[in-house]
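Just below is one structure, and these are the notes that go with it.
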Amino acid sequence: MENGRDSFPFPYKPYDIQEQFMTALYSALDQGKVGIFESPTGTGKSLSLICGALSWLVDHEEKKRQEAAALLQEGEASLSTSAALSSSSSSASAEPDWITDFVQKKAERDLVSKLKEEELKRKKREERMEMIRNNINLKYASKRKSCEEDEAFKLLHLSKEEQTATPGDQEDEELIVAEYESDDESKSKSRFFGGEDEDDEELVEEHVTKIYYCSRTHSQLAQFVHEVQKSPFSTNISLVTLGSRQNLCVNEEVRRLGSIQHINDRCMEMQKNKHEKQHHEEGAKRKRGQPKSVCPFNKALALQQMRDEVLGTVQDIEQLLKLGKETKACPYYSTRLAVPPAQLVVLPYQMVLHEATRRAAGVQLKGQVVIIDEAHNLSDTLSCIHSTELSGAQLCRAQSQLTQYADRYKNRLKAKNLMYIKQILFVIEGLIRVLGGECLQLPNKTFGLLNDNLGISHCFSVFRFQVKLDRIHRLQRYFEKSMISRKLGGFVEKYAGSGVTLHTHSSSNKENRRTGGLNRYLQALNSNPSGVSEANKVLSASPMMQVEGFFLALTNSNTDGRVVLQKQGTLSESSVKFLLLNPAVHFAQVLKECRAVIIAGGTMQPVSDFKQELLFSAGVKEERITEFSCGHVIPPENILPLVLCAGPSGQELDFTFQNRDSPQMMDETGRILSNICNVVPGGVVCFFPSYEYSRRIVSHWEASGALTRLGNKKKIFQEPKKANQVEQVLNEFSRCIQRSAVDSSGGVTGAILFSVVGGKMSEGINFSDDLGRCVVIVGMPYPNIKSPELQEKMSYLDKHLPHSHGKNPGQALVENLCMKAVNQSIGRAIRHRGDYSSIVLCDRRYARPATLSKLPAWIKNRTNTYSSFGPAFAALRKVRMKH
């Protein structure tokens, strides 16, 4: 086996391009490359990834086994030879030679011992997996129940905070920040996470060689798992799917909380209560008060048993939830316990790309393989994960809540806690002033003199100086260790509801006085209709969590970060945002630690920005990068991509910002769609460059009667404003097309759907077969060039990246963003080998060679440019006649 394989296990005879894909993938993994793989949707990319990657993993493990066996045999032979030579040597040998001989033999003995130990571990792992797969009832080593619970507790990274009984107000004990003993991270023995490192090191289970597969959404991950279940590897691969608590929790009491933050907080609180309960059972004195609830699904034995079942059978998230309910075990924690021995780990982007999340999930990348699927927006994803935004309303709420918290518990908080709380308040108040507000000002209050939509950017170091945040790392550490955000959230939840009345007859009521300011603040928000939703946000989410996230972004930043201030008419609408301009900073660690990284997608063009922005900038050399791009499995005659430079009346199609709103351009677009609907059966999907332009052009057609004429041929649907309405619109669109195929006596031959490039229907939705017989792109969807964020990004790229082909990197970014969005939209139509569709690009600018080169190769090679409408219309008619 030299960097290749003659054949791959596959559930059916693979297409030629699938075999090429698997061969290239196998080679990239074997040579430790960074691969960019493009395989259009409908070509069986997922199965190619599975069978190619798992074939390599099986061969790699076998190769390691053979090499270890050979080394062991060689080492034992060497020891035997050395022993024989030593016994025959003269006893009068010089001391230095004797010492050298001893050291050499000790090194050989150590190597042999290590190889034997590794071989023993491997055999034990294999035997254990075999037992799991054969459903043998495993007998665990005899341990006291308390020891089992303690091990699970440590593995799950739970809080080790001690609780000290305090006379009076015992019901608020969980809301008080525990004593913070030291700022020095290296010497800290604080009770927040005391001794965590030592405990973790003792309990870390060795990670086997594995493949981490990540994608954007849970539905895409579930689809991938289903493909694994259909593959030849389904019975002999250990797979685990990771997800958030929101997706994996089976405790109905917790699930009902709805928001991910509330679910996380409640879960962590229950873990802490469980540890305290166990501590009391072991003889510690229990303080008085109501018993605290613990999660019935978090018991060590049940978690371990579910972990074994997860490793023994390939299961998606739905199956994990069902298994968790049946076995009374938590899928969230069971799957994390299953990560070390798993061979294939399926997880969302953030768990791989964000270091803190990666660490919390127990994901270790050293020497492993990472496959990032649906990676066309990888650069944007990295930037978004490491960027954060704070609104003026959130800052005001955080300032008000923390002030009330400090005031209520000032006699019970230690001096160092009060000092840190004052520092946090100082920074928050500084941010409010930077946005032009005043402390204790209601967020809805308008500013006196303020320019709307003013975007101001600061490099990180300048911003840090402005708010005097010279100890930002220590503040962030305090946030993390004290859990002040969670405790503040609990405080607000307890006292902002029915527990405290807004008006009291007794001014001496101590409890009402302590929270009066907070209630007045909430009342003020509720008194304004526009503030109702804001008040709801106060109760449904913790603004301090957002502040903490902002601090974390600043501590992780460097010269590649920017803080953008956007001032609007009110403080509530204004915001301060941290932008990560160089995503390679965080991707570099993934590339460095992993053996190989595969970046895959259906439409990866243009690839140039991937290589420059994410790979070269991260220090990857050209020789480590490999590229693979394949065509589609459909016959050439099943796809008709065409560039339309003029409409039926001869009007040149130029949808630049200056021309696209002209009545002539809008009328011509209506005539183009009307002609297309006359000859294309089934469904037509029309993508506009923005929601605003879609609204304007449809309004114009309503006034001119063009919309009525379109409706006579195709029933009209529009992309909904709310994401939860997308499925309903798609179902109605599909049913209309199916009815028209059976009965078109009313003259309606199908349906047309108005959508937006980059919108809810431009990614992840299939318009296969009759749902998308023609995809029309109106204009070129360039991003808003006036956006402060985009301007900062362009400026950064112009300064740090080399110019190529006579264009500066900032301008290239704008064009690449546009074409990536177009490629995603036009990829919606062809979804399998027997599918066929037309793609109409309505704008003369698509005919430019530089723009055409950014289309996927399988589309670009078949694209024709038409300077007049007649020949293009004839070509569209031929497609219908062929099928």
Side-chain angles (χ1 to χ4, degrees), residues 3 21-22 24-38 48-50 52-61 63-64 204-216 221 224 237-242 336 339-375 378-379 381-382 385-386 556 582-601 604 607 610-628:
N3 297 341
F21 186 105
M22 290 186 287
L25 176 63
Y26 190 104
S27 177
L29 297 179
D30 209 48
Q31 297 174 37
K33 298 276 190 178
V34 175
I36 302 175
F37 281 66
E38 181 182 59
S48 300
L49 281 170
I50 291 163
L54 293 181
S55 294
W56 170 83
L57 184 62
V58 169
D59 290 350
H60 176 72
E61 287 299 303
K63 186 178 179 181
K64 274 173 57 179
V204 165
E205 184 178 350
E206 183 182 356
H207 283 240
V208 302
T209 302
K210 65 177 88 278
I211 295 168
Y212 289 102
Y213 171 89
C214 59
S215 192
R216 252 177 357 107
L221 295 176
F224 178 82
I237 193 76
S238 52
L239 177 149
V240 58
T241 301
L242 298 183
R336 273 153 179 71
V339 169
Q343 296 168 289
L344 179 58
V345 180
V346 179
L347 67 175
Y349 275 171
Q350 183 148 339
M351 288 188 179
V352 168
L353 302 178
H354 190 265
E355 184 183 3
T357 309
R358 188 164 69 231
R359 195 167 55 243
V363 172
Q364 296 182 11
L365 299 182
K366 187 70 174 176
Q368 309 291 21
V369 170
V370 166
I371 297 175
I372 303 172
D373 203 0
E374 302 298 332
L378 180 59
S379 178
T381 301
L382 277 161
I385 287 174
H386 295 93
N556 289 335
N582 182 15
V585 171
H586 295 284
F587 197 46
Q589 188 177 4
V590 175
L591 294 166
K592 181 180 178 182
E593 290 187 10
C594 291
R595 171 195 175 93
V597 176
I598 303 300
I599 302 167
M604 296 299 294
V607 173
F610 263 91
K611 293 170 68 174
Q612 188 62 62
E613 192 177 355
L614 283 181
L615 303 183
F616 295 151
S617 297
V620 179
K621 303 297 183 185
E622 180 72 55
E623 55 267 23
R624 195 189 172 196
I625 301 172
T626 183
E627 294 181 45
F628 176 86

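The residues of the chain are indexed from 1 along the displayed sequence. Only this structure's heavy atoms are used, side chains among them; waters, hydrogens and symmetry mates stay out.
Distance check, rounded to the nearest 0.5 Å: CD of Gln350 to CG of Leu242 gives 13.0 Å. Expressed to the nearest 0.5 Å, how far NE2 of His586 lies from NE2 of His386 amounts to 4.0 Å. Separation of atoms CD1 (Ile385) and CG (Leu353) is listed at 5.0 Å; rounding is to 0.5 Å. With rounding to the nearest 0.5 angstrom, the NE2 atom of His354 is 13.5 Å from the OG1 atom of Thr381. The structure places CD1 of Ile211 at 6.5 Å from CG of Leu29, a figure rounded to the nearest 0.5 Å. Note: Leu239 CG to Lys210 NZ = 11.0 Å, rounded to the nearest 0.5 Å.
Closest of all the heavy-atom pairs between Leu25 and Ala53 is CD2-N, 3.6 Å. Residue Ile598 comes nearest to Ala28 through the heavy atom pair CD1-CB, 4.1 Å, listed as atom of the first residue, atom of the second, then distance. Contact between Ala342 and Val240 at its shortest, heavy atoms only, is CB-CG1, 3.6 Å. Closest approach of Ala375 to Ile599, counting heavy atoms only: CB-CG2, 3.4 Å. Taking every heavy atom of both residues into account, Ile371 and Leu49 meet most closely at CG2-CD2, 4.0 Å. Across every non-hydrogen atom of Leu221 and Pro348, the tightest pair is CD1-N, 3.6 Å.
Applying the side chain to side chain donor-acceptor pair (under 3.5 Å) criterion to Lys592, with sequence neighbours excluded, gives no partner residue. With sequence neighbours excluded, the residues satisfying ring-ring contact (aromatic ring centres under 6.0 Å, His included) with Phe628 are Phe21, Phe37. Every residue two or more places apart in sequence or in another chain that forms a side chain to side chain donor-acceptor pair (under 3.5 Å) with Ser215 is listed here: Gln220. By the side chain to side chain contact (heavy atoms under 4.5 Å, CB included) test, Ser379 pairs with Pro583, Glu613, Leu614, sequence neighbours left out. Shown here are the side chain to side chain contact (heavy atoms under 4.5 Å, CB included) partners of Ala588, two or more places apart in sequence or in another chain: Ala618. For Phe224, the ring-ring contact (aromatic ring centres under 6.0 Å, His included) test picks out Tyr213, with sequence neighbours left out. Judged as a side chain to side chain donor-acceptor pair (under 3.5 Å), and not counting sequence neighbours, the contacts of Glu627 are Lys611. Evaluation of the side chain to side chain donor-acceptor pair (under 3.5 Å) rule for Ser55 yields no partner, not counting sequence neighbours. Residues forming a salt bridge (charged side-chain N to carboxylate O under 4.0 Å, His left out) with Glu355 (at least two apart in sequence, or on another chain): Arg359.
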Check: Stepwise, does the side chain to side chain contact (heavy atoms under 4.5 Å, CB included) test hold for Arg216 with Leu378?
Finding: CA-CA 10 Å; Arg216 252 177 357 107; Leu378 180 59; over 6 Å; no

Next item on the list: Kindly determine whether Thr209 and Arg595 satisfy side chain to side chain contact (heavy atoms under 4.5 Å, CB included), including the steps that lead there.
Entry: CA-CA 10 Å; Thr209 302; Arg595 171 195 175 93; over 6 Å; no

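At distances below 3.5 Å, not a single donor-acceptor pair connects side-chain atoms of Ser48 with backbone N or O atoms of Met22. A donor-acceptor pair under 3.5 Å is formed between the side chain of Tyr349 and the backbone N or O of Asp373. Between the Arg624 side chain and the Gly32 main chain, a donor and an acceptor come within less than 3.5 Å of each other.
Ile36 places a side-chain heavy atom less than 4.5 Å from the side chain of Leu615. Using a 4.5 Å heavy-atom threshold, the side chains of Val590 and Arg358 count as touching. Between Val369 and Leu57, the closest side-chain pair of non-hydrogen atoms is not below 4.5 Å. Considering only heavy atoms from C-beta on, Tyr212 comes within 4.5 Å of Leu365 through its side chain. Under the 4.5 Å side-chain criterion, counting only non-hydrogen atoms from C-beta, Val345 is not in contact with Val363.
A donor and an acceptor atom, one from each side chain of Gln368 and Gln364, are nowhere located under 3.5 Å apart.
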